[in-house]
Asks: 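Provided herewith is a single structure, encoded as structure tokens, for subsequent inquiry.
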Amino acid sequence: IHALQGCTSPLLLSFLFSLFSLFLLSFNLMFCFPFPSLTVKFVNCGQGGLVRFECSNPSDFRIEADGVVYALRPLTLSTLPTVPLVIVARDETNQQQWQTQVRLTPPVGQSQQVCPTPPHDIQAPPALSQGLQEIWFPSRQTDSSSIGQLKRMKRDWVIPPINVPENSRGEFPQDLVRIRSDNDKNRSLRYSVTGPGADQPPTGIFIIHPISGELSVMKPLDREHISNFHLRAHAVDLNGNQVESPIDIVINVIDMNDNRPEFIHQIWNGSVPEGSKPGTFVMTVTSVDKDDPKTANGMLRYKIGSQNPESPTSNMFTINNKTGDIITVAAGLDREKVPQYTLIIQATDMEGNPMYGLSNTATAVIRVTDINDNPPEFTAEMFFGEVPENRVNVIVANLTVTDKDQPNTLAWKAVYKITGGDPTGRFSVPTDPTTNEGLVTVVKPIDYEISRTYMLTVVAVNEVSLARGIYSPRQSTATVSIRVIDVNESPYFDPNPKLIKLEEGMLAESSLTTFTAQDPDRFMQQSIRYTRLSDPANWLRIDANTGRITTIAVLDRESPYVKDNMYSATFLASDSGVPPASGTGTLQISLLDINDNAPHVYPQETEMCKKPEPNGINITALDGDLNPNAGPFAFELANRPADVRRNWTITRLSGDYAQLSLKIGFLESGIYEIPIIITDSGNLPMSNTSYLRVKVCQCDHNGDCTDQQHIIAAGLGTGAIIAILLCIIILLILVLLFVVWMKRRDKERQAKQLLIDPEDDVRDNILKYDEEGGGEEDQDYDLSQLQQPDTIEPDTIKPVGIRRMDERPLHPEPQYPIRSAAPHPGDIGDFINEGLKAADNDPTAPPYDSLLVFDYEGSGSTAGSLSSLNSSSSGGDQDYDYLNDWGPRFRKLADMYGGSDD
């Protein structure tokens, strides 16, 4: 039942239509439903007047004084009036009337409330809401109606959610439901709602009319932003007291298909091996839709829009329309023909309905990966190369192959194997990592005299095995012909080193052995010559043609050049090839010992106290020979001098040791040389008289020498004497240098003393400042020579290469006057005058007061020209009389420059 509402009167009146359908009989296929009664309850809002009801269709409906509407005949859906039923309420006292419309629609059982309008407002009837669903607050007590004896019992209500479509374009505010309370019969109430969307963020979406309780939405809703709202309705009286317990209202936002599918990536990359069978999984594309996935709005379907290139067929792939899985559906994937496919994938919502669904597209790029389905093939059946003999790590030939597989992959990289022609393993074929070529390399020396050519069989394979069903063709095998070049090889000694055993003491010019070398070049007619390369002791000589070795000195095993009884010499063998080649050989001579060295005593010096306790001295015999030509030794004292056997005695302790003892109890301090005869045990024994030097001294309680004679006896060594002499010589040289320096200094001091008249002495009037001459060469002068020019040393003359341009040329110079070295008060003036005359008569002497030329520094200088400083050609036109006013020190200058030319 739809109702209209208006509130234009100062008095709030309402029609409350309550349809009691407790006696509904049935609802059949004819849509015939009984309409026993409809109660129109009029609320006079406290006016208290008598109201009479009238109906606009009295033939079908009747309304009683209590507001109950009766249907006068059975009504069906087809016989329901299309025109709303108008109910008029007229006040009999003041003739005011109010009206409302009743629309009859199934199901029956709703009621409505209106507020009456004064008669003067009938000309412009207000817009009243119609057909709003009413939500009642649960009753707090049993309530009986006088009409129909209907009862509403207290119970818990479950309010069904309110569904509101999103993105509604209707007029706003848009009414949703009306909130009602049973307590509004006898008092005025105020309604409100709380919760997100009302008084909590986002606020302003839902409002409720405080009097009528109509809940309205103020703006379009977006399910993708907020899918539902949970509100709570409240009813209070005019004093703010809670009348009803709050009820929860859930508003669901109904999804509309307002979002297109969106792919997670716009470009999808996948790969599939070439030669894959149909049904091979490739990749999965995914799209999302913001609409409700539980509805058709969010249910997506995929399909392939296009394939590029369409080779070998246009349908090489298919896609699962629900999951987005892309698989192969046809055979014939070949990377060498089509390395990549581009698919346009379309996703459509509404379960793929092309008429109602929204679509979007993405690109799937499928790269066909390489497998080893193409073996390497040689570019030629035969390869050639050559290599000089005895060369290793040399590249002989480059083997080139072609492979259609993807470069720089394991299926493309080649591995070369020698399968024949190299039984000794003299060659290898590594792979060039850049060009994939096979580099035939010599790894062991090749002898031209053994084999002049090699024929190798090489097979090329990949680093990974070929795919199933692919076999290596004949082009994967090649032959390599290698020619060996003969070169001049070095002669070699055999054996090397050569060992011979000889007794030492072999005399000079003795023949030892023949040490010859072999020439490996059998196909070259060459001769070999021998020379001695290393002979530390200079004992041997070798014949240049035959290699016969002879001695040129006696072989001595005890020589310092012999190590462990072995002497080594090196010889050189050179052939006559072009260029010649040479080789070395070592001759090792093992020298056998003979008894050629006499023994001697050790140590040669020792000390003994005047009163020795004990009085024995232990000595040892040393022999350069080996056993049995050495110990055991025999020791005895010599017969002379006679006091040796009288004062000393010697006792043998062992084969190499003996003890020398005093026969007397006291011996004077001094140095004693005792001759001892030692004999070895050789087959021909050798004896030697060695002198043991014994230093006898006064000893302390520890047995150490304490008197000065011990120090005297010790003497000075050769090194100490040389050091003392050097110190003396250095001291004498320093004294001599000091004397020479003092004499030179006195001589220079005397040369600087000018004995001239003090009145004419102008040295005190000339101040020396920093001179800005023409350079370092212009500063090379000695002012002392003006005082004594004859002391110039010849060493001070400059070389020709560094002379100034204005210096005197190197011509024969005239004989200038030479004055004596003895100073004289007036000789310097005479000397200068004589030199001036000689210089005037010398045509080769330049004018030294002329312009000097120095380094030219170019043009364009920012400084001014120095030409403005030019002086007059002569000093005569200058006035120097003012110098007389400067004092007695400048009068001499005034006389020199201010006078006449004389």
Side-chain angles (χ1 to χ4, degrees), residues 260-289 300-355 357-377 379 400-414 434-436 462-473 475-476:
R260 291 181 178 273
E262 296 290 341
F263 282 93
I264 297 178
H265 305 291
Q266 194 60 34
I267 298 179
W268 296 79
N269 295 301
S271 62
V272 60
E274 62 176 333
S276 297
K277 296 180 180 180
T280 302
F281 174 79
V282 180
M283 61 189 300
T284 299
V285 296
T286 304
S287 179
V288 295
D289 197 318
L300 307 181
R301 296 295 183 265
Y302 301 93
K303 71 175 183 178
I304 297 177
S306 64
Q307 170 189 309
N308 184 34
E310 298 180 352
S311 176
T313 64
S314 60
N315 296 319
M316 295 296 296
F317 305 92
T318 186
I319 187 171
N320 188 308
N321 64 346
K322 293 184 178 180
T323 63
D325 294 341
I326 300 176
I327 61 175
T328 60
V329 294
L333 292 174
D334 190 351
R335 190 204 64 84
E336 287 72 34
K337 295 180 180 179
V338 181
Q340 181 175 289
Y341 289 90
T342 301
L343 307 180
I344 302 300
I345 308 299
Q346 178 178 330
T348 307
D349 56 15
M350 298 298 293
E351 297 182 297
N353 191 321
M355 183 176 297
L358 302 177
S359 301
N360 211 337
T361 60
T363 302
V365 179
I366 301 175
R367 182 173 55 89
V368 181
T369 59
D370 187 38
I371 64 173
N372 193 14
D373 58 345
N374 294 281
E377 298 180 1
T379 58
T400 56
V401 295
T402 58
D403 197 318
K404 297 179 181 179
D405 291 321
Q406 185 175 359
N408 300 317
T409 62
L410 298 180
W412 175 81
K413 295 181 180 180
T434 304
T435 63
N436 208 29
N462 291 122
E463 292 189 4
V464 295
S465 302
L466 291 173
R468 181 178 298 179
I470 307 298
Y471 302 96
S472 297
Q475 291 81 2
S476 295

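Predicted, not measured: the structure shown is a model, and the values here were computed from it. These numbers come from the heavy atoms of this one structure, side chains and all, not from hydrogens, waters or symmetry mates.
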Asks: Answer whether the closest heavy-atom distance between the side chains of D289 and P261 falls below 4.5 Å.
Replies: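 D289 reaches P261 side chain to side chain.
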Asks: Using a 4.5 Å cut-off on heavy atoms from C-beta on, say whether the side chain of D373 contacts that of D334.
Replies: yes
Asks: Which heavy atom of A362 sits nearest to which heavy atom of H265, and what is that distance?
Replies: CB-O, 3.9 Å
Asks: Give a yes or no answer on whether the side chain of N462 reaches the backbone of A411 with a donor-acceptor pair at less than 3.5 Å.
Replies: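 Looks like yes, one N/O pair under 3.5 Å.
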Asks: What I want to check is whether the side chains of T379 and T400 have a donor and an acceptor closer together than 3.5 Å.
Replies: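 A donor-acceptor contact under 3.5 Å links the two side chains.
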Asks: Atom CG of N372 and atom CG of L410: how far apart are they, to the nearest 0.5 Å?
Replies: 9.0 Å
Asks: Working to the nearest 0.5 angstrom, can you tell me the gap between M316 CE and S311 OG?
Replies: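 Atom-to-atom, M316:CE and S311:OG are 8.0 Å apart.
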Asks: Can a donor-acceptor pair be found, under 3.5 Å and without considering hydrogens, that links the side chain of T328 to the backbone of G279?
Replies: yes
Asks: Output, in order, the C-alpha distance, side-chain angles, deciding distance and verdict of side chain to side chain contact (heavy atoms under 4.5 Å, CB included) for I366 and V272.
Replies: CA-CA 7 Å; I366 301 175; V272 60; 3.8 Å; yes
Asks: Between E463 (side chain) and K413 (backbone), is there a donor-acceptor pair under 3.5 Å?
Replies: no
Asks: Would you compute the distance between atom CG of L300 and atom CD of Q346 and round it to the nearest 0.5 angstrom?
Replies: 11.5 Å
Asks: For residues Y341 and Q307, report the shortest heavy-atom separation together with the two atoms involved.
Replies: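 Between these two residues, the closest heavy atoms are CE2-NE2, 3.8 Å.
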Asks: Looking only at side chains, do N374 and D403 share a donor and an acceptor under 3.5 Å apart?
Replies: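 Their side chains do not contain a donor-acceptor pair, so the 3.5 Å distance test is not met.
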Asks: Kindly give the heavy-atom pair with the smallest separation between K404 and R335, and that separation in Å.
Replies: O-NH2, 3.0 Å
Asks: Judged by atom type as modelled, is there a donor-acceptor pair below 3.5 Å linking the side chain of E274 to the main-chain atoms of I371?
Replies: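 Side chain of E274 to backbone of I371: a pair is present.
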Asks: Distance check, rounded to the nearest 0.5 Å: R301 atom CZ versus S359 atom OG?
Replies: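 R301 CZ to S359 OG: 12.5 Å, rounded to 0.5 Å.
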Asks: If you compare all heavy atoms of R260 against all heavy atoms of L358, which two are closest, and at what distance to 0.1 Å?
Replies: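 Result for this residue pair: CG-CB, 3.7 Å.
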Asks: How long is the gap from OG on S276 to CG on L333, to the nearest 0.5 Å?
Replies: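 Rounded to the nearest 0.5 Å, the OG-CG separation comes to 6.0 Å.
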Asks: Give the minimum heavy-atom separation between A364 and I326, together with the two atoms involved.
Replies: CB-CD1, 4.3 Å
Asks: So which of T318, T280, T313 actually passes side-chain contact (heavy atoms from CB on, under 4.5 Å) with V329?
Replies: T318
Asks: Just by modelled atom types, is the T361 backbone N or O under 3.5 Å from a matching donor or acceptor in the Q266 side chain?
Replies: yes
Asks: Do the non-hydrogen side-chain atoms of N360 and S287 ever get within less than 4.5 Å of each other?
Replies: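 They are not in side-chain contact.
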Asks: Indicate yes or no: at least one non-hydrogen side-chain atom of T348 is less than 4.5 angstrom from one of P354.
Replies: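 Heavy-atom side-chain distance check fails, nothing below 4.5 Å.
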Asks: Does some side-chain heavy atom of R367 sit less than 4.5 Å from a side-chain heavy atom of N269?
Replies: no
Asks: With respect to F263, which candidate in T363, I345, T286 satisfies the side-chain contact (heavy atoms from CB on, under 4.5 Å) definition?
Replies: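 With F263 as partner, side-chain contact (heavy atoms from CB on, under 4.5 Å) holds for just one option, I345.
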Asks: For a 4.5 angstrom cut-off between non-hydrogen side-chain atoms, does V368 reach V338?
Replies: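 No - every pair of side-chain heavy atoms lies 4.5 Å or more apart.
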Asks: Would you check if the side chain of Y302 reaches a backbone N or O of G352 as a donor-acceptor pair within less than 3.5 Å?
Replies: no
Asks: Of the non-hydrogen atoms in S476 and P376, which two are nearest, and what is the gap between them?
Replies: OG-O, 2.6 Å
